Amino acid sequence: MKKPALVLSLLLIAPAVTLRGEQPPGGISLLFCGDVMLDWGIREIVEREGYGFPLRRIRGFLSGFDYRFFNLECTISDEGEPHVDKKYVFNVPSSMIRVLSDGGFDGAMLANNHMSDYGNIALLGTISNLNSAGIHTAGAGIDAETASLPVLVKRGGISVAVFSFTNLGYHDAYAAPNSPGIARGSLDSIRRSIERFRGFTDFTVVNIHWGDEYTNYPSDGQIELGRTLIDAGADAVIGHHSHVYQGVEVYRGKPIVYSIGNFLFGSINEDIRDNIVVALDFVDRGLVSLRVFAISGNTASHPFQPARLTGKEAGSVLSHVLEISRPLKSDFSGKAVMTDSALVYRFDSPGEKP
């Protein structure tokens, strides 16, 4: 199938690197981090300590994966005006992009309820600033078609399309055929995007910004939508918005991570706690493992400087992940194994490439 020129322009060719840990030989590993909001406390500490401070303790861990993604919950722009109807709006100067490039991130998910905080000028400026720093974007763009395009990654002959959608946002936030905005997460639009790219990518991952804040469990509607996205052809679904992690389900042999919580967030809300990041490991036959890692999110002990947790600290978080996953009634809680301060779920028989 002939690939559109616009799609080809998004394709990333992965470097030949040797990864630590559980990644299978000849595969590709994708790490997904939660919400990143660089305003408030992050902006203040950068002014005191420098751009390298926020990710200093976790940079080495991040480097152990082929590709690193996050959900960006603020615009990064020197232009724009705050949305008149929103209580909480987040924007930081373009220089703050250095915090993210310092972490070696490859992809930013932009379909969320804060990408419209400072209007379309700031949204488009954010995309431009991220791209200039070598960070590709999905979930927002100059029009609806562009906003729905994924980030494409490739290593060792294996290609993965990483999408970003949301079903949260003001009516004026969504991209239209002739106007900028974020990618609307309707089932029909996501299904069309998956079908469009299945012809020339091996696997698809859908990031979706959904649900309620500060809750341990997804709603019935989230569960239904997550499963429907797997039925529509997604190989994995990664959720965020709740600011705390939620349970994991394996449905028809494919993972649905309902929320990975925060990663680097400038708030000191007392409900914020330690969180998780997840890695998906693909080989040419399919997804072979899901790895769940605990990261610090307690701003009292480690203000605005996440790190990977190990030992008892990690065990406490990961045991809770298993506990809140049990009501989802998949085999994740019974089959995931604690290995080297990580939860590892191995998929029995990866299917053939699509």
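Computed from a predicted model, the values in this text were never measured in an experiment.
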Q: Show your working on side-chain hydrogen bond (donor to acceptor under 3.5 Å, both in side chains) between Glu73 and His209 and close with a plain yes or no.
A: CA-CA 10 Å; Glu73 288 258 27; His209 204 68; 3.2 Å; yes
Q: May I ask you to decide if Asn113's main-chain N or O and Lys86's side chain share a donor-acceptor pair within less than 3.5 Å?
A: yes
Q | Test side-chain hydrogen bond (donor to acceptor under 3.5 Å, both in side chains) applied to Tyr51 and Ser95, step by step | A | CA-CA 9 Å; Tyr51 296 104; Ser95 59; 3.2 Å; yes
**Q.** Carboxylate-amine/guanidinium contact Glu249 Lys329, below 4.0 Å
**A.** no
Q: Establish, from distance only, whether the side-chain atoms of Thr166 and Asn112 form a donor-acceptor pair under 3.5 Å.
A: no
Q: Apply the test side chain to side chain contact (heavy atoms under 4.5 Å, CB included) to residues Leu318 and Met338: give CA-CA distance (whole Å), side-chain angles for both, the deciding distance (0.1 Å), then the verdict.
A: CA-CA 8 Å; Leu318 299 177; Met338 196 87 72; 3.5 Å; yes
Q: Could you verify whether a donor N or O on one side chain and an acceptor N or O on the other, from Thr146 and Asp143, lie under 3.5 Å apart?
A: yes
Q | Pairwise distance CZ(Arg184) to CG(Asp188) - rounded to 0.5 angstrom | A | 12.0 Å
Q: Taking atom CD1 of Ile121 as the centre, report whether more than 12 heavy atoms of other residues, nucleotides or ligands fall under 6.0 Å from it.
A: no
Q | ILVMFWY network linking Ile260 to Tyr217, side-chain heavy atoms under 4.5 angstrom | A | yes
Q. If you group Ile, Leu, Val, Met, Phe, Trp and Tyr by side-chain heavy-atom gaps below 4.5 Å, do Phe53 and Phe70 land in one group?
A. yes
Q) Are more than 12 heavy atoms from other residues, nucleotides or ligands located less than 6.0 Å from atom OH of Tyr88? A) no
**Q.** Check against side-chain hydrogen bond (donor to acceptor under 3.5 Å, both in side chains), Asp172 and His83
**A.** CA-CA 10 Å; Asp172 58 354; His83 198 294; 3.2 Å; yes
Q. Are the side chains of Thr228 and Leu187 in touch, meaning some heavy atoms are under 4.5 Å apart?
A. yes
**Q.** OG-CD1 distance between Ser259 and Ile276, expressed to the nearest 0.5 angstrom
**A.** 7.5 Å
(Q) Atom CD of residue position Glu49 - does it have more than 12 heavy atoms of other residues, nucleotides or ligands inside 6.0 Å? (A) yes
Q. In terms of ring plane angle, is the pair Phe265 and Phe90 parallel, tilted or perpendicular, where the classes change at 30° and 60°?
A. perpendicular
Q.
Using every non-hydrogen atom in the two residues, find where Ser159 and Thr201 come nearest and quote the distance to one decimal.
A. OG-CA, 3.3 Å
Q: Compare all side-chain heavy atoms of Asp202 with those of Phe282 and state whether any distance is below 4.5 angstrom.
A: no
**Q.** Side chain proximity check, Ile28 to Asp281, heavy atoms < 4.5 angstrom
**A.** no
Q: Identify whether the distance between the nearest side-chain nitrogen and carboxylate oxygen of Arg196 and Glu145 falls below 4.0 Å.
A: yes
Q | Heavy atoms of other groups near Glu79 CD, more than 12 under 6.0 Å | A | no
Q: Show your reasoning for whether side-chain hydrogen bond (donor to acceptor under 3.5 Å, both in side chains) applies to Thr75 and Asn91.
A: CA-CA 5 Å; Thr75 50; Asn91 178 70; 2.7 Å; yes
Q) If you round to the nearest 0.5 Å, how far is CZ of Phe69 from CG of Asp106? A) 6.5 Å
Q) Aromatic rings Phe263 and Phe105: how do their planes relate, parallel, tilted or perpendicular, breaks at 30° and 60°? A) perpendicular
**Q.** Salt-bridge criterion met for Asp348 and Lys335 (N-O under 4.0 Å)
**A.** yes
(Q) On a heavy-atom basis, which atom in Val206 and which in Leu229 lie closest, and how many Å separate them? (A) CG1-CD1, 4.1 Å
(Q) Do Leu72 and Asp35 make a side-chain contact, defined as non-hydrogen atoms from C-beta onward lying under 4.5 Å apart? (A) no
Q. Just by distance, do the side chain of Ser101 and the backbone of Ala133 share a donor-acceptor pair under 3.5 Å?
A. no
(Q) Is there a side-chain contact between Ile182 and Phe165 in this structure, where contact means two heavy atoms from C-beta onward sitting under 4.5 Å apart? (A) no
Q) So, the side chain of Ser289 versus the backbone of Arg346: is there a donor-acceptor pair under 3.5 Å, distance only? A) no
Q | Arg308 side chain to Ile295 backbone, donor-acceptor under 3.5 Å | A | no
Q: Give the ring-plane orientation class for His320 versus Tyr245, where under 30° counts as parallel, over 60° as perpendicular and anything between as tilted.
A: perpendicular
Q: Step through the shown structure and confirm whether more than 12 heavy atoms of other residues, nucleotides or ligands are within 6.0 Å of CG on Asp85.
A: yes
(Q) Determine whether Arg291 and Leu343 satisfy the following criterion, side chain to side chain contact (heavy atoms under 4.5 Å, CB included), listing intermediate values before the conclusion. (A) CA-CA 6 Å; Arg291 291 179 283 160; Leu343 277 178; over 6 Å; no
Q | Asn71 side, atom CG; Leu110 side, atom CG - distance, nearest 0.5 Å | A | 8.0 Å
(Q) Donor-acceptor check, side chain of Ser296 to backbone of Ala307, threshold 3.5 angstrom: yes or no? (A) yes
Q.
Here's one to test your reading of the geometry: is the NZ or CZ of Arg68 within 45 degrees of the ring axis of Phe32 and under 6.0 Å from its centre?
A. no
(Q) What I want to find out is whether Asp102 reaches Arg98 closely enough, with some N-O distance under 4.0 Å, to be called a salt bridge. (A) no
Q) Can you name the closest pair of heavy atoms from Gly80 and Ala122 and give their distance? A) CA-CB, 4.4 Å
Q: Would you please classify the geometry between the Phe61 ring and the Phe65 ring as parallel, tilted or perpendicular, with 30° and 60° separating the classes?
A: perpendicular
Q: Look at atom CD1 of Ile268 and say whether more than 12 heavy atoms of other residues, nucleotides or ligands are closer to it than 6.0 Å.
A: no
Q) Can you hop from Val278 to Val205 via hydrophobic side chains spaced under 4.5 Å? A) yes
Q.
For the backbone of Gly247 and the side chain of Ser325, can you confirm whether one donor and one acceptor N or O come within less than 3.5 Å of each other?
A. no
